[in-house]
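Below is one structure, written out as C-alpha cells; comments come after it.
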Amino acid sequence: MNNTWVEISKSALLHNIASIKTIIQPCVKLMAVVKANAYGHGLTQVGEIAADYTDGLAVINLDEARLLRQKEIHAPILVLGYISENEDDLAWAIRERIEIAVNSLSHAQRLSKIIKHSSYGSDSLRLHIKIDTGMGRMGILTSNAVDYVKQISELPNLAIKGIMSHFADAVGHREYAQEQLKRFEDIKFQLYRQSVQDNGSGASGSQDWVWHMAKTEAILDFPQSHLDAVRLGIGLYGLWPNIKLIDRVHALHPEFELKPVLSWKTRILQVKDYPEGEYVGYGCTHKTHRQTRIAILPAGYYEGYDRGLSNKGDVLIGGKRCPIIGRICMNMCMVDATGVKEVKRGDEAVLIGAQGREYISADEIAKKIDTVHYEVVARINPKIERIITE
Ligand SMILES: *Cc1c(COP(=O)(O)O)cnc(C)c1O
C-alpha cells in the first residue's frame with residue numbers, strides 16, 4: 001500500500017511522555033499502553049521508542065507481546081487482555097518475563113495447574129490481578145477481592161507483581177470514580193493489614209505489589225488515583241481523552257500540551273475534470289452542480305477510512321480543504337479538488353494531520369461519524385506502513 005502511509009512523529013511522542021512526567025510524581029511508574037497496534041500508530045514503531053522512556057508497555061495479547069520481544073524490546077510487558085491457556089504459550093511468557101492480567105480465581109487456578117504439569121524450572125508466571133471496582137468488565141468483584149487475592153497468592157508457580165483496576169469514567173462521573181478508588185484502596189489496606197498480622201505468611205510480599213488504576217483521563221485530572229503506576233494510552237498519542245479536560249488541566253498546568261503523533265497521508269491516483277450534472281460514486285449520492293475537478297484517493301473503508309465519511313469528510317490537498325464527494329468505496333474515495341490550483345496525479349493528500357495552515361484531527365473525523373478518536377486511529381488498517389519521522 002505504497003500510495004497510502006502513516007507517519008509517526010517521534011518528537012511528538014517524546015514530548016507527550018515528557019509532559020505527562022511533569023504531572024505525575026517521580027515515584028509513580030509510567031506504563032505506555034501500546035495495545036491494538038498502538039492505537040493504530042504501529043506497535044513496534046511506538047513500542048521501540050516508548051520502551052526507552054517509560055517503565056513498561058501494555059499490550060492486549062501474547063501476539064503483540066511476541067512482536068515486541070522479536071524486536072529486541074526487553075522492557076516489562078503487561079498483557080491486559082485474555083491469553084490462551086496453552087502450555088507452550090505460558091512457557092514462553094514465563095521465559096520472556098511477560099506479565100499477565102488475571103481476571104478471576106478460577107483463571108489463576110487454571111494457569112497454576114497448567115504450569116505445574118510441565119517443566120518450567122523454578123520460574124513463575126508473573127501476574128497482575130484485575131479487580132472490578134465498578135467497570136463491569138474483566139476482574140474479580142470487590143466483595144471477593146481480599147479473599148481471592150490471598151488464595152491466588154498461595155497458588156504455586158504464580159508470582160503476583162501487581163493489582164489493577166479500571167475506571168468507567170473518571171471525569172464525567174467523578175463521584176463514582178471516587179467510590180471505585182475507595183474500594184480499591186480498601187482492598188489494599190485490608191491485604192496490607194493482614195499480611196502484617198500474618199507476619200509475612202499468606203499474602204506475603206504484598207508490600208511490593210504495584211497498585212495501578214489510572215488511564216489518561218485520570219492521569220490528567222485525578223491525581224489521587226495515580227497510586228504506584230499509571231497506564232497512559234490515548235495521551236501518549238497526543239489526543240485528549242475528553243475535550244472538557246483541556247481547560248481543567250491548563251488551570252493547574254498552563255504550559256501543558258499534547259501533540260498529536262499520527263498523520264495519515266495518500267497520493268492522488270487520478271485527477272479529472274468531470275462535467276456538470278453527473279453523478280459521482282456508488283448509489284449516485286452526489287450530483288455535480290458545476291464542472292468539478294475530481295481527485296481519486298487510494299483510501300477506502302478497507303484501509304480504515306470510515307464509510308460514514310461519504311459526502312461528509314474533508315481531506316487536505318495543496319493546503320486546502322477538499323470535500324469527499326459520493327460514497328467512500330472499499331479501497332478508494334473521491335474528493336472535489338476544484339479549488340486547488342494545478343492539482344495533479346501523485347500529489348499528497350492528507351486524511352489526518354496538517355498541510356499548510358490547515359489541520360484535520362482524528363477528533364474532527366470522530367465527530368462526523370459519531371464515534372471517538374480512539375476508534376478512528378485504531379482502525380487504520382495495520383497493513384499500511386507506519387513510518388517514523390522526526
Ligand atoms: C486501554 C486501556 C488503558 C488506556 O486508556 P486510555 O484512556 O487510552 O489512556 C488503560 N488501562 C486499561 C486496562 C486499558 O484497557
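These numbers come from a predicted model, not from an experiment. When a ligand or atom number is given, it counts from 1 through the structure's own listing order. Positions are given from 1 along the sequence.
- With respect to atom 7 (O) of ligand 1, the closest heavy atom belonging to the protein is Tyr374 OH, 2.7 Å.
- Atom 9 (O) of ligand 1 has its closest protein heavy atom at Thr216 OG1, 2.5 Å.
- A cation-pi arrangement, defined by a distance under 6.0 Å to the six-membered ring centre and an angle within 45 degrees of its axis, is present between Arg174 and Phe222.
- Among all non-hydrogen protein atoms, the one lying nearest atom 12 (C) of ligand 1 is His166 CE1, 3.3 Å.
- When atom types are taken as modelled, the side chain of Asn16 and the backbone of Ala12 share a donor-acceptor pair closer than 3.5 angstrom.
- Ranking the protein heavy atoms by distance from atom 11 (N) of ligand 1 puts Arg231 NE, 2.8 Å first.
- A salt bridge is absent between Arg290 and Glu276; no separation between the charged side-chain nitrogens and carboxylate oxygens falls under 4.0 Å.
- The shortest heavy-atom distance from Lys130 to ligand 1 is under 4.0 Å.
- Ranking protein heavy atoms by distance to atom 1 (C) of ligand 1, first place goes to Lys35 NZ, 1.5 Å.
- Centroid-to-centroid, the aromatic rings of Tyr82 and His107 come within less than 6.0 Å.
- Remark: of the listed residues His166, His128, His226, His128 is the sole one forming a side chain to side chain donor-acceptor pair (under 3.5 Å) with His212.
- Ion pairing between Asp89 and Arg66 holds under the 4.0 Å rule for side-chain N and carboxylate O.
- Side-chain contact of His15 with Ser11: a donor-acceptor pair under 3.5 Å is absent, judged by distance alone.
- Judged by distance alone, the side chain of Thr338 and the main-chain N or O of Arg293 form a donor-acceptor pair under 3.5 Å.
- With a 4.0 Å heavy-atom cut-off, ligand 1 is reached by no atom of His128.
- Shown in contact with Arg137 at under 4.0 Å from a heavy atom are these atoms of ligand 1, numbered in order with element: 15 (O).
- Taking a cut-off of under 4.0 Å to the non-hydrogen atoms of Tyr39, the atoms of ligand 1 that pass are 1 (C), 4 (C), 5 (O), 6 (P), 8 (O).
- At least one N or O atom of Gly233, backbone or side chain, sits closer than 3.5 Å to an N or O atom of ligand 1.
- Proximity to Ile234 (heavy-atom distance under 4.0 Å) selects the following atoms of ligand 1: 6 (P), 8 (O), 9 (O).
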